[in-house]
Protein chains: 2
Amino acid sequence: MAPTLRDVALRAEVSLATVSRVLNGSTRVDPALASRVRTAADELGYRANLLARGLRRQRTDIVGLVVPQVANPFFAGLMQAVSRHLQQSARTVLLADAEEDLDLERQVITRLADHGVDGILCAPVSERGSAVAAAEVAARVPLVFLDRSAADVEADTASVDQRCGIALVLEHLAEVCGARPSTRLISASPVDSVARARCEAYADAVIEGLVDDAAPPLLGEFTVDWGREAVAGLIADGAPPQALVCGNDLIALGALAALGERGVRVPDDIVVTGFDDVGFATLAVPPLTTVRQPLDALAATATDLLEQRMANGGCPPRCELLRPELIIRASTAVTR
Amino acid sequence: MAPTLRDVALRAEVSLATVSRVLNGSTRVDPALASRVRTAADELGYRANLLARGLRRQRTDIVGLVVPQVANPFFAGLMQAVSRHLQQSARTVLLADAEEDLDLERQVITRLADHGVDGILCAPVSERGSAVAAAEVAARVPLVFLDRSAADVEADTASVDQRCGIALVLEHLAEVCGARPSTRLISASPVDSVARARCEAYADAVIEGLVDDAAPPLLGEFTVDWGREAVAGLIADGAPPQALVCGNDLIALGALAALGERGVRVPDDIVVTGFDDVGFATLAVPPLTTVRQPLDALAATATDLLEQRMANGGCPPRCELLRPELIIRASTAVTR
DNA sequence: TATCGTCGTGAAAAGGTTTTCTTCCTGTCG
DNA sequence: CGACAGGAAGAAAACCTTTTCACGACGATA
């Protein structure tokens, strides 16, 4: 049904090879023939079959982007940033959502490889759980970790210095609340590399005595609901700390809502911080102090790493670490 | 490099055809051969080349999903719902983001078609602007409009009854604010079909005298920033209405923030409604009264329509209209 | 003028599958 | 005991491009 190269060749009365050459501009061809080909192609509404092209060229100009959860605005933002960067290098982006599900992630990522993508950018769902799937795929296709990474997989990584981010938060808290403020961490179980890094950084800071937290961290998921739930438990137990350090903005937003419902005033009664600086952080009441991840730089770095990997596969994997930035808003604006 | 069907055939000492048959289970083959093939395939780590398969079969089992903006949580949710439904029919979903950009949308959607997707679900950026691209693609590939639609394009459509949604809102306002309350619409320019439908429904309700709104609607974009800006202007002009009817939740969230910053109390001083019921609507202060779109039903309907279209192409296009639901929260909880 | 190099074009192979068609073998029925 | 039906496996075509290779013509140089 759809016109093929052959149809164009027939109509323009040239060979298939010539049509291909005209349309791809690979070699010089007689201008007269060229224009004949072009009009023929236009008249037929010819469109190259990308499957056939990919098969022949062994290259599709597609890169896949796998995120753990589109519904998380941080990843939605990341997707957008990455898409933008890849568009510039004339590549098609294939977005894929793992929905925080290991099986689905494996399916999705191997499927991408099977479809012959030239490279994959991946923020794995779990540091350990995603490792085998990631390793398998990385053996077939250039793969770069983005934001999160998987354990024991030799691959380039572009991520943000979580330790630095946590340090920025805690130093800020020490500043506004006084030395060694009592704090509590509400975050996600350290299944993914980012959650782990944040937990560890926080734990280390506690050991170093930067803040005071005798209680164990409250670990659930990176969701609004978990933020709500954690705060509900915390308030029910009584004796809340001076500051709530939330593992990401979603948790913080949930926490703020739960505190508000219970009549606990922020920042007067308790101070709250987030992590990521998603768009809604400014809308929270009060607006959320948080750590902004350099989305654009992250995307740029990851795509750069991937481009280089696709160009010359041999070189040893590199890890790029970007510095985040503290964004101070009203949720920590105590007046002492 | 990657092992091919040929390699498997060589190792199992059978023909290519047999390997293909075993791996696809299309015909009965001798169990002994079958197991030889299977072990050979396993040992080599064989993976079918989906490009080649698609080329030969003229079918890829992929459907594309094009949304106008992933960063809009409504569409993020829609993507998730659709993905889930399509996964069940053993299809791969290709997510694509048009970033509210007509050129990009055209590129993305034609690229999907070029890649041989079996069908496309699309929420077009603009009712008129997307029409030509949509029509072109619809001529090549089964296409179903989802949520939004494009003008004068013959295609199945699964959408939500916006008129009904607006009616629910306005009736509710009349109930809580008294008959013919003074209202003002803040929404997006009627570029896309949904924005237009909401505007028209509102305008009609004004004409019918359900609410009282002499001033022209404030039309910008479906964004938080526009909500903020519109309220800023509104307050600066003085004489705000009793109720703000926002075209979607993002606008409403922006409006709530702006009102809060200016010390205008919601719902006491002014009442605010949204549309979509995105996750963050419950987190707003106060929680937002809004119209919930039946995301799951929408996804189910759209995928059904697409499946049928892909099965028997001939039948005339159908339009399915789903009913939304009013979710009443504190932003309209006036006590009179 | 003869030869070499260059440039532009067509023929054909290759890329990896699926599927039709052919062939061969076995088993059954007449 | 022979012929035919039926099932299973292999050979080859087809899907649509790109790209290598070969070929012929032309211009330039010796």
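Every chain is numbered from 1 and lettered A, B, ... according to where its sequence line falls, protein lines coming before strand lines.
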Does the distance from a Lys or Arg side-chain N to an Asp or Glu carboxylate O, for [X] and [Y], drop under 4.0 Å?
X        : Y        : answer
A/Glu127 : A/Arg148 : no
B/Arg91  : B/Glu307 : yes
A/Arg84  : A/Asp296 : no

Starting at atom [atom1] of [X], determine the distance to atom [atom2] of [N], rounded to an integer number of angstrom.
X        : N      : atom1 : atom2 : answer
A/Arg6   : C/dA12 : CZ    : C1'   : 13 Å
A/Leu5   : C/dA12 : CG    : P     : 17 Å
A/Asn49  : C/dG16 : CG    : P     : 16 Å
A/Leu51  : D/dT17 : CG    : C1'   : 11 Å
B/His115 : D/dC16 : NE2   : P     : 17 Å
A/Gln58  : C/dA14 : CD    : P     : 14 Å
B/Arg36  : D/dA9  : CZ    : P     : 10 Å
A/Leu55  : D/dT19 : CG    : P     : 12 Å

**Report entry** Flag if over 12 foreign heavy atoms under 6.0 Å of CD, A/Glu221
**Finding:**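 Open.
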Requested in this report: Take atom CZ of A/Arg128 as the centre, draw a 6.0 Å sphere, and report whether it contains more than 12 heavy atoms from other residues, nucleotides or ligands.
Outcome: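 Check fails, neighbour count at 12 or below.
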**Report entry** For DNA chain D, the residues among residues 12-34 of chain B that have a non-hydrogen atom under 4.0 Å from it
**Finding:** B/Val14, B/Ser15, B/Ala17, B/Thr18, B/Arg21, B/Arg28, B/Val29, B/Asp30, B/Leu33
Query raised in the report: Does the side chain of A/Arg56 get closer than 4.0 angstrom to OP1 or OP2 of C/dA14 through an N or O atom?
Result: no
Query - Touch class at under 4.0 angstrom, heavy-atom based, for A/Arg47 against every strand present - result: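 Sugar-phosphate: the residue A/Arg47, judged by heavy atoms under 4.0 Å, touches backbone atoms but no base.
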Report task. Could you check A/Arg47 against B/Asp114 for salt bridge (Lys or Arg N to Asp or Glu O under 4.0 Å), going step by step and ending with a plain yes or no? Result -> CA-CA 7 Å; A/Arg47 302 251 73 206; B/Asp114 290 349; 2.8 Å; yes
